[in-house]
Amino acid sequence: MKIPQEKIEEIRSAVDIVDVVGQHVQLKKRGKNYTGLCPFHSEKTPSFSVSPEKSMYYCFGCHEGGNAISFLMAFEKITFVEAVKSLALRAGIPLEFEQDSQESAERAKINEDLYSVCQTVANHFRLNLTDTNEGKFALEYFTKVRGFSADTVTEFGLGYSLNAWDGLVNFAKTEGIPYPLLEQAGLIKKRDDGSYHDFFHGRAMFPLYSTTGRVIGFGARKIYEDDPMGKYINSPET
């Protein structure tokens, strides 16, 4: 059984993420957003932000982020379907299910794996931007060249791919991420000798989001003059 995508969108649009998060986190209004202590890691100074305008949350400290569905999944340790059911009940929206064939069930499993790996890589690119010496150059591109505020960089999960052929490949090896899955997501490529190399390297990274706030791909902007690729390149459609 699966929930139709249009029903998921209806439920997500109907709930107020501030109310959902506010049941578990004490929030205070700050400008157009709300802030509070992050429920996903220990902290004394609030670094957790909720945007009612974008129906998204993000922690500046541990880099957890997403929408109302992903918040319930992370906080209550429940599945995607259980989170959608909970929000549907809150919104008073009756749920509809579609019968899965074996083929569609397998396709759904692949999709979930691709969603998961894209989110993991997005987090990796964010940390490259904020926690590496290389990333400082990319951060200056975002803030000084493009004029983005620090909040904008954080809110949209902008990042940086290391200027190496194996930055993501090595990360995947450390984290136990299967190379074929990364290849299917268009994030690494296979050489003739069977080894892999990064698709993106030395680029300012822009995560691409679905309407439900899940990372589904990446756009990348050239920031080094000796980069032979085009100014903008994107991961293939997934």
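The basis for the numbers below is simple: all heavy atoms, side chains too, and nothing from hydrogens, waters or symmetry mates. This is a predicted model, so every value here is computed, not measured.
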Drop me the distance from [X]'s [atom1] to [Y]'s [atom2], to the nearest 0.5 angstrom.
X	Y	atom1	atom2	value
L127	T132	CG	OG1	9.5 Å
R90	I11	CZ	CD1	12.5 Å
I110	L181	CD1	CG	9.5 Å
H201	W165	NE2	CH2	3.0 Å
L37	L27	CG	CG	10.0 Å
H124	T174	NE2	OG1	9.5 Å

Side chain of [X], backbone of [Y]: donor and acceptor closer than 3.5 Å?
X	Y	answer
E10	A14	no
E82	T79	yes
Q184	L114	no
R203	K231	yes
R191	Y196	yes
D198	L168	yes
E134	N163	yes
K29	G31	yes
S55	S51	no

Do [X] and [Y] have side-chain heavy atoms sitting under 4.5 Å apart?
X	Y	result
T35	V50	no
H24	E76	yes
S86	L89	no
R30	N33	no

Can you see which heavy atom on [X] is nearest to which on [Y], and at what distance?
X	Y	result
G217	C118	N-SG, 4.4 Å
S49	F60	CB-CE1, 3.7 Å
V215	Y115	O-CD2, 3.9 Å
A185	S235	O-CB, 4.3 Å
M205	P207	O-CD, 3.8 Å
A220	N234	N-OD1, 4.3 Å

Full working for side chain to side chain contact (heavy atoms under 4.5 Å, CB included) between F80 and M73: CA-CA 6 Å; F80 179 78; M73 291 173 65; 3.8 Å; yes

Trace of the side chain to side chain contact (heavy atoms under 4.5 Å, CB included) decision for T120 with F171: CA-CA 10 Å; T120 299; F171 170 76; 4.0 Å; yes

Q26 atom CD, neighbour heavy-atom count above 12 within 6.0 Å: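 Count not over threshold, so no.
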
Over 12 non-hydrogen atoms of neighbours within 6.0 angstrom of CZ in R146: yes

Cluster companions of V153 among Ile, Leu, Val, Met, Phe, Trp, Tyr (side-chain spacing under 4.5 Å):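 V153 clusters with L129, F137, L139, Y141, F142, V145, F148, F156, L158, Y160, L162, F206, I223, Y224.
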
Member of F48, Y34, F75 meeting the ring-ring contact (aromatic ring centres under 6.0 Å, His included) criterion with Y57: F48

Pair E43-H41, side chain to side chain contact (heavy atoms under 4.5 Å, CB included): steps then yes or no: CA-CA 6 Å; E43 62 178 12; H41 80 288; 3.2 Å; yes

same_hphob_cluster(I17, I8) at 4.5 Å side-chain heavy-atom cutoff: yes

Cluster overlap V21 with V84, hydrophobic side-chain contacts below 4.5 Å: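 V21 clusters together with V84.
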
Whether F200 and F218 hold their rings parallel, tilted or perpendicular, with breakpoints at 30° and 60°: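 Rings of F200 and F218: perpendicular, as their planes differ by over 60°.
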
Salt bridge (charged side-chain N to carboxylate O under 4.0 Å, His left out) assessment of K190 paired with E183: CA-CA 7 Å; K190 196 172 188 178; E183 183 182 17; 5.6 Å; no

Aromatic ring proximity F40/F71, centre distance under 6.0 Å: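 That pair passes the under 6.0 Å test.
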
Verdict with reasoning, I78 to L72, per side chain to side chain contact (heavy atoms under 4.5 Å, CB included): CA-CA 7 Å; I78 58 179; L72 288 185; 4.2 Å; yes

Between S116 and Q119, a side-chain donor and acceptor under 3.5 Å: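 Q119 and S116 do not have a side-chain donor-acceptor pair below 3.5 Å.
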
Donor on one side chain, acceptor on other, D193 and S195, under 3.5 Å: yes

